[in-house]
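To start, the structure under review is shown below, and the notes come after it.
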Protein chains: 2
Amino acid sequence: MNVRVRHDAIVRILRRNGTSTIDALAEEVGASRRTVLRDISALRDAGYVIHSDVGRGGGLQLDPQSVQTSARLTVPEIFALLISVAAMRAAGNLPFSKLADAGLAKIEKALPSDKVKDLRNFLDCLHVGPLSPLQDLSDMGRMTPDLLPAFERAFLGAHFIRFDYRDAKGRKTQREVEPQAMLILPPLWYLVGWDPTRSDFRHFRMDRISQPKAMADTHFRRRHVPFEEDVCPYSELQS
Amino acid sequence: MNVRVRHDAIVRILRRNGTSTIDALAEEVGASRRTVLRDISALRDAGYVIHSDVGRGGGLQLDPQSVQTSARLTVPEIFALLISVAAMRAAGNLPFSKLADAGLAKIEKALPSDKVKDLRNFLDCLHVGPLSPLQDLSDMGRMTPDLLPAFERAFLGAHFIRFDYRDAKGRKTQREVEPQAMLILPPLWYLVGWDPTRSDFRHFRMDRISQPKAMADTHFRRRHVPFEEDVCPYSELQS
DNA sequence: AAAAAGGTGCCAAAATATGGCACCATACGT
DNA sequence: ACGTATGGTGCCATATTTTGGCACCTTTTT
């Protein structure tokens, strides 16, 4: 039996039985007492909290809080998780958000450090506005993960982004702006871009954006994005 | 050098250099060409996308989208992440939520199967209502991760939950109810409980709950929780 | 055609994991 | 006080896995 498989088996048995002795574990996984002891030691090193009671009636006990799992996530997936949790947290000091943060912090720690810096920079561009009443979502859903890579590249590399936009009146235009921030007014998301030809900020509903493309050969500087109600009135954004 | 460490080293080198040959990798990690080839094969099996160009001027190239990370998360942390993403998704078909789901699906796959079933059951009890306008949050924040274990145990084990409750008028009572659902009306969270002594549903603001305790020796059955506006009027909940 | 690259199969050698043993410490019951 | 059941450690020979070397194949560029 593979080491990994055996470790998983031991965790499973401990979780199932609540408590177990080393000899019982050894018999069930088909390994020697000595090996199981080594496995327990390895599991503790890996972060599992395993209590042990010595003496008659004693045994091993896995702290149920410490059941852990390890999944390999891609960077865009981590990105998406971070955004979800950041938006939740910004929308109010919700229960569990601290715990979710702790989980994400672990994920971050496992990332290459340059990627972490990139993610933090992106989150700095994330603004969550006042929560809006629920509305008709029939127009939503056109924002697909396909759009993410271009946005990620544009934000992280400080590149201009070019995309096709369909405005509230259905007119289609091609735009090219500096992606300065993302504004979240649930359930709608907006790209806040600086339009250099108009020398002004413009807001774009994410679900009306298509074919985004980061212009890798261009660069821009971060600006201070105004988010006061009067600068970016709610009613106008919803249109 | 440890296998795991060497795999990480190879990924790091490929990320850094963009492209590299097997011989160069072998020299840098201090292993043989054959071993590196085996490592590449293992990494591909593990989900990394590694392109290879054969012939003069060729080499290996790691698809930057496939950079992965692996962090060990505890069950409560995963729980919290699931809740965040589920709430976000329920609040509207937000950008990135599909991708976040994909990430969570991977995390779920790495969990023991019985835990996954538990989590799904819990998420079934999660109702997200209409989003409310942002309000004064000064009263929030008393919901701490400390409360989570008791709620988790109570929901997953279908145990009664007993807690101290401070109502809108500041009166303190001890309650014992069947935890039937969680209702999310951002930024407030409610426990929806069936009170057997009153034979009716009652809603409790999570931030007014303290000292929750799952009664491990009791059991209840899931009920159909009504969530129509008239049964559980929004204005009443906010009080 | 030659050179430079990725890739596979095989086998002996090196490294690592395992099992067995002796032994220690602690707790509980008689 | 003693025996027994439990977790825990050190050591070493043995079993298993990983590694390196080699021969050889395919593809691509010069």
Side-chain angles (χ1 to χ4, degrees), chain A residues 1-68 70 72, chain B residues 1-68 70 72:
Chain A
M1 187 188 264
N2 186 328
V3 183
R4 275 302 258 291
V5 175
R6 203 177 55 234
H7 284 193
D8 288 351
I10 289 174
V11 170
R12 209 164 44 242
I13 294 167
L14 283 175
R15 266 181 36 77
R16 166 162 53 80
N17 296 359
T19 179
S20 176
T21 69
I22 289 175
D23 288 323
L25 281 171
E27 192 180 356
E28 184 149 356
V29 301
S32 71
R33 190 183 109 96
R34 188 68 188 82
T35 297
V36 170
L37 270 159
R38 271 192 279 248
D39 289 339
I40 296 292
S41 174
L43 287 172
R44 291 213 247 242
D45 282 349
Y48 286 88
V49 177
I50 299 174
H51 307 290
S52 61
D53 288 313
V54 70
R56 200 181 275 230
L60 299 172
Q61 203 168 2
L62 175 63
D63 183 330
Q65 289 288 304
S66 87
V67 173
Q68 303 196 345
S70 168
R72 300 193 79 87
Chain B
M1 188 189 262
N2 187 328
V3 183
R4 276 300 258 289
V5 174
R6 204 176 54 232
H7 284 192
D8 289 350
I10 289 174
V11 170
R12 211 165 43 241
I13 293 168
L14 284 176
R15 263 182 40 78
R16 167 162 55 81
N17 296 359
T19 177
S20 177
T21 70
I22 290 175
D23 288 323
L25 282 171
E27 192 181 355
E28 184 149 355
V29 302
S32 70
R33 189 183 110 96
R34 189 68 189 79
T35 298
V36 171
L37 270 159
R38 270 191 281 248
D39 289 339
I40 296 292
S41 172
L43 287 171
R44 291 211 247 242
D45 282 348
Y48 286 88
V49 177
I50 299 173
H51 306 289
S52 60
D53 286 313
V54 70
R56 200 182 273 227
L60 298 171
Q61 203 168 2
L62 175 63
D63 184 329
Q65 287 290 303
S66 89
V67 171
Q68 303 195 344
S70 166
R72 299 194 78 88

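A note on names: the letters A, B, ... follow the listed sequences, proteins ahead of strands, and every chain is numbered from 1.
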Atom-pair distance ([atom1] on [X]; [atom2] on [N]), nearest Å:
{"X": "B:R4", "N": "D:dT18", "atom1": "CZ", "atom2": "C1'", "result": "16 Å"}
{"X": "B:D53", "N": "D:dT29", "atom1": "CG", "atom2": "P", "result": "9 Å"}
{"X": "A:H51", "N": "C:dA27", "atom1": "NE2", "atom2": "P", "result": "17 Å"}

Under 4.0 Å between any heavy atoms, over every strand shown, what does [X] touch: base, sugar-phosphate, or nothing? Just pick one.
{"X": "A:I40", "value": "nothing"}
{"X": "B:I22", "value": "sugar-phosphate"}
{"X": "A:S20", "value": "sugar-phosphate"}

Go through the N and O atoms of the side chain of A:R34 and the base of D:dG8, and report whether any donor-acceptor pair is under 3.5 Å.
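There is none.
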
Test for a donor-acceptor pair under 3.5 Å between the base of C:dG6 and the side chain of B:R56, counting only N and O atoms.
no

DNA chain C: 5'-proximal contact among A:S32 and A:G55 (nearest heavy atom)
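Taking each residue's closest nucleotide, the earlier one in sequence belongs to A:S32.
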
Taking for B:R33 and for B:R38 the nucleotide of DNA chain C with the nearest heavy atom, the one nearer the 5' end belongs to B:R33

Please confirm whether the shortest side-chain N or O distance from [X] to OP1 or OP2 of [N] is below 4.0 Å.
{"X": "A:T35", "N": "C:dG19", "value": "yes"}
{"X": "A:R44", "N": "D:dG8", "value": "yes"}
{"X": "B:S52", "N": "C:dG6", "value": "no"}

Interatomic distance, B:D39 atom CG to B:I50 atom CD1 [nearest 0.5 angstrom]:
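One finds 9.5 Å between CG of B:D39 and CD1 of B:I50.
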
Kindly compute the distance separating CG (B:D53) from OG1 (B:T21), expressed to the nearest 0.5 Å.
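Atom-to-atom, B:D53:CG and B:T21:OG1 are 12.5 Å apart.
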
When you measure from the side chain of B:L37, which nucleotide among C:dT26, C:dG7, D:dG8 comes out closest?
C:dG7

Report yes if some heavy atom in the side chain of B:L62 is under 4.5 Å from a heavy atom in the side chain of B:R15; otherwise report no.
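Yes, side chains in contact.
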
Ionic contact status for A:E27 with A:R33, cut-off 4.0 Å
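Salt bridge flag = no for A:E27 with A:R33.
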
